[in-house]
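Residue numbers run from 1 in the order of the sequence given.
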Amino acid sequence: MKKILKYALIFLPFLTQAQSNLKASLDKVKIYVKEIKLEKSTVNQHFSYETATPFDVKIAITTTDSKGKSTEELYEFNLGLIGEIKRSASTKEMKVELASQKSLKVIRYTKGGEMQNYENKVELLSENIDDARELEKNLKDAITAAKTAWETSIKLPKEELGALQTWLEQNIKEATAEKQTFKQSLKKSSIYKDRASLTLEENDGKKTTETQADFSWGDLNEGSAELKISGKEIYVVAKSKNDYIKTTKGYNDEIKIYAQTPSEGSILQMAIQKIIPLAKKELQTRLPKLATKEDGFKILKDRTKDFKVNESAYTQKIATTCLTTYDLKSNNKGKTVDESFKFNFGDLSDYKLSVSKEIIKITAKVADNKKFIQYTKDGALQNYDNSVDFIVGDLEDARYLAEALPAISKGCKTNITAGDFSSLVAKLKLTENPKQDLTLQDGDKCKWKLTATLSESKKSVESVSEWNLYDIDPKKIDIDVSGKTVGITAYTLNKEKFVKLTKDSKPGFSSEINFVVKDIEDAQKSLATIKALVEGCKKP
C-alpha cells in the first residue's frame with residue numbers, strides 16, 4: 001500500500017503539470033481555429049478538448065455554400081497520435097494539415113451525423129499567412145505536450161509478467177464497429193505463466209461466430225504487435241514465427257484483438273509489446289534442462305498421449321528404451337492406418353518441431369540420411385526410411401518432447417562392440433533369403449568364403465565369393481540398405497577385382513562383397529565385427 005501511495009504522490013503532480021502545459025497550448029490553438037469566408041462558401045471551424053483528458057480533441061467544421069446548404073463534419077482524435085503538421089496554400093485557400101503517425105487512420109470522422117471510415121488527416125483553414133504560421137506553431141507545441149500528457153496518463157504495469165497478464169485480462173473487452181460487435185475475453189493459463197486463451201464472439205447482426213485462440217505470449221515475435229484500423233474496425237495483430245497459435249480452425253501464426261478507440265488500441269499494442277519478451281524469458285526458463293537419457297525417457301512417457309483433432313484420432317505407444325518401437329494408429333473418417341517404426345534413438349539427430357494446420361510433429365532424421373528406420377504399415381514391412389515423425393496433440397507436449405528427444409539420442413549413442421567370427425556366421429544364418437554360409441578357407445582366419453543362395457520366383461541363384469581379408473579396405477565397409485533389405489557392402493583396396501566370384505557356376509572376379517542381415521541392429525553389430533576382423537589381418 002505504501003508503494004502505491006508513493007507512486008501516486010509522484011505520478012499525480014507530473015500528470016497534472018503535463019495536462020496543464022497541454023491545455024495552455026490548446027487554448028492558443030483555439031484562437032486560430034475560426035470561421036473562414038471563401039469565395040463561394042463559409043467554413044465555420046471549432047476546436048475543443050476534453051477537460052479530464054485534454055489530449056482528446058474535436059474539430060467541428062460546418063461548411064455553408066452560397067445557397068445556404070450546410071455540411072457538418074466532426075473529427076475526433078488523440079492529439080498524441082498525430083505525427084506531422086503541414087502548411088500549404090493555393091490561389092483560394094490557406095491550409096494547415098494534421099496527419100497521423102505512420103499514416104495510420106486514427107481520426108474518427110463523422111459527416112452529417114453519420115460515422116464514416118476512420119481517416120489519417122484533417123485540414124484546417126486560415127485567414128492569412130500569419131494566422132497559418134501561428135496555428136502551425138501552436139499545433140506543433142500542442143502535439144509535443146499531448147504526447148507527454150497522454151503517455152503520462154497510461155497506467156501499464158511495470159516489467160512483470162503476471163501483472164501484465166492480469167492487466168490484459170481486465171482490459172481486453174467488448175468492442176463495436178458499426179453493426180459489428182466483438183465480445184472478447186482473455187484468460188491466463190493456470191499451468192503456464194506465459195500462456196493465455198483468447199475467446200471471441202463476433203456478431204454482425206445476422207449471425208454469431210465463436211472462435212478461440214490458445215497461445216503463449218512468448219511465441220510471438222518481439223516488435224510484431226501492430227495497430228491496424230480498417231474502415232471502422234480497430235484491432236491489434238501480433239505474429240508468431242511459427243504456426244504455434246491453436247484456434248478452433250487449426251493452427252496459425254497470428255492473434256487479433258479488437259479495441260474500441262485508436263487510443264485503446266495503441267495502449268493494447270504497448271502492453272503486448274511489453275509482455276512478449278517477459279513471456280519469452282519465462283518460456284525458456286520453464287523448459288526442462290535434461291542431464292541424462294533417463295530424464296528424457298520420463299518426459300517421453302508422460303508426454304506421449306492419445307489425442308483427437310477434428311475428425312482424426314491418434315493412438316500411440318513407444319518403448320522407453322534406446323532400441324525402441326514406436327506404434328502409431330490413426331483413424332480418419334473411419335479409415336484406420338497402423339504404422340510401426342523400429343529404430344535406435346542413438347541413430348537419430350536433427351530434431352525439428354513443425355505445425356501444419358491440424359497436426360504437430362517432431363521430425364527426426366538419421367545421421368547422413370542413412371535408412372536405419374524399419375517401417376511397417378498395416379502389418380506389412382515397407383522400405384526402410386531415414387526419418388520418423390513423432391505425432392503430438394498438444395504444443396506444450398511437443399515443446400517438452402523437443403527438449404527430451406535429443407537428450408535421449410545423446411545418451412543412447414554408444415560404441416558398438418565387435419563380435420567374433422562365430423557371432424558373424426550366426427547373424428548371417430538368420431536370413432531366410434538369401435541363405436548364407438560363411439566359412440574359413442583351409443582354416444585360415446584371413447581367408448573367407450561366402451556361399452549365398454537367393455531364391456527367386458522361378459529359380460534359385462547361388463553365388464560363391466572367396467577372398468583374403470587383407471585385400472579389403474577397412475574404410476570402405478558400410479551398411480547398405482536397399483528397399484526392405486539390410487546389408488553390408490565391403491570393397492577391396494582401390495576397388496581392384498580381388499574377389500573370386502562364382503555365380504551360377506560361372507567363374508569371374510569382383511571388387512565387392514555383399515552380406516545380408518536381418519535388421520539394422522544386426523547390421524551395426526556385424527559391421528563392427530567385419531571391420532575389426534579385417535583390421536586384424538595383415539598381408540603376409
Side-chain angles (χ1 to χ4, degrees), residues 322-323 343-344 346-347 349 366-374 384 386 412-454 461-504 506-540:
C322 288
L323 179 62
F343 56 87
N344 192 311
D347 293 328
S349 62
V366 181
D368 301 323
N369 284 323
K370 291 182 177 179
K371 295 183 177 182
F372 282 3
I373 299 172
Q374 187 183 81
Y384 275 76
N386 59 6
C412 287
K413 291 186 188 300
T414 56
N415 292 321
I416 297 171
T417 305
D420 56 16
F421 182 78
S422 297
S423 68
L424 177 62
V425 170
K427 289 191 183 301
L428 295 181
K429 285 185 179 296
L430 293 175
T431 64
E432 295 182 359
N433 192 28
K435 292 186 178 299
Q436 301 169 107
D437 184 27
L438 180 65
T439 58
L440 299 176
Q441 296 185 60
D442 303 323
D444 189 334
K445 68 173 186 176
C446 293
K447 293 181 178 290
W448 289 9
K449 178 181 179 181
L450 175 67
T451 303
T453 304
L454 179 66
V461 178
E462 183 183 81
S463 299
V464 180
S465 301
E466 300 171 84
W467 70 96
N468 303 313
L469 256 61
Y470 48 74
D471 287 329
I472 301 300
D473 187 343
K475 296 179 181 178
K476 298 294 183 183
I477 309 171
D478 208 348
I479 296 172
D480 183 17
V481 180
S482 177
K484 304 172 188 176
T485 304
V486 182
I488 297 166
T489 299
Y491 289 97
T492 58
L493 294 163
N494 300 319
K495 291 191 176 181
E496 292 193 51
K497 298 185 184 302
F498 290 157
V499 180
K500 182 179 179 182
L501 175 63
T502 304
K503 190 172 183 178
D504 267 352
K506 297 177 183 177
F509 295 91
S510 177
S511 60
E512 67 180 82
I513 303 113
N514 296 295
F515 305 91
V516 177
V517 291
K518 181 170 62 74
D519 53 28
I520 295 296
E521 187 183 14
D522 279 3
Q524 290 173 324
K525 184 73 173 180
S526 299
L527 174 64
T529 301
I530 294 169
K531 278 189 174 183
L533 294 174
V534 167
E535 289 169 348
C537 285
K538 305 298 179 183
K539 187 175 181 180

Distance-only donor-acceptor hits, side chain of residues 527-540, under 3.5 Å, sequence neighbours excluded:
{"from": "Thr529", "atom 1": "OG1", "to": "Gly419", "atom 2": "N", "distance (Å)": "2.8"}
{"from": "Thr529", "atom 1": "OG1", "to": "Lys525", "atom 2": "O", "distance (Å)": "2.9"}
{"from": "Lys538", "atom 1": "NZ", "to": "Glu535", "atom 2": "O", "distance (Å)": "3.4"}

| Is a side-chain donor-acceptor pair under 3.5 Å present for Asn344 with Asp347? | no

| Taking atom types as modelled, is there a side-chain donor on Asn386 or Lys371 under 3.5 Å from an acceptor on the other? |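 There is no such pair (donor and acceptor under 3.5 Å, judged by atom type) between the side chains of Asn386 and Lys371.
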
Are the side chains of [X] and [Y] in touch, meaning some heavy atoms are under 4.5 Å apart?
X: Trp467; Y: Lys500; answer: no
X: Cys446; Y: Asn468; answer: no
X: Val461; Y: Lys503; answer: yes
X: Ile472; Y: Ile513; answer: yes
X: Leu501; Y: Val464; answer: no
X: Lys429; Y: Asp437; answer: yes
X: Leu440; Y: Trp448; answer: yes
X: Leu450; Y: Gln436; answer: yes

Spacing of [atom1] belonging to [X] relative to [atom2] belonging to [Y], to within rounding of 0.5 Å:
X: Ile416; Y: Gln524; atom1: CD1; atom2: CD; result: 4.0 Å
X: Asp442; Y: Lys449; atom1: CG; atom2: NZ; result: 10.0 Å
X: Lys427; Y: Leu438; atom1: NZ; atom2: CG; result: 14.0 Å
X: Thr439; Y: Glu466; atom1: OG1; atom2: CD; result: 8.5 Å
X: Leu493; Y: Lys476; atom1: CG; atom2: NZ; result: 11.0 Å
X: Ser510; Y: Lys497; atom1: OG; atom2: NZ; result: 6.0 Å

| task | Establish, for the pair Lys370 and Phe372, whether the NZ or CZ atom is under 6.0 angstrom from the six-membered ring centre and no further than 45 degrees off its axis. | result | no

So, for [X] and [Y], which heavy atoms are closest and what is the spacing to 0.1 Å?
X: Ile488; Y: Ala523; answer: CD1-O, 3.6 Å
X: Ser465; Y: Val499; answer: CB-CG1, 4.1 Å
X: Lys495; Y: Tyr491; answer: CE-CD2, 3.9 Å
X: Val516; Y: Thr431; answer: O-CG2, 3.5 Å
X: Tyr470; Y: Lys447; answer: OH-NZ, 3.7 Å

| Positive for side chain to side chain contact (heavy atoms under 4.5 Å, CB included) with Thr489, one of Ile479, Asp480, Ile477 | Asp480

| Do other residues, nucleotides or ligands put more than 12 heavy atoms under 6.0 Å from the NZ atom of Lys435? | no

| task | Determine whether more than 12 heavy atoms belonging to other residues, nucleotides or ligands lie under 6.0 Å from atom CG of Asp504. | result | yes

| Going through the distances and angles, do Val486 and Asp519 end up as a side chain to side chain contact (heavy atoms under 4.5 Å, CB included)? | CA-CA 6 Å; Val486 182; Asp519 53 28; 5.6 Å; no

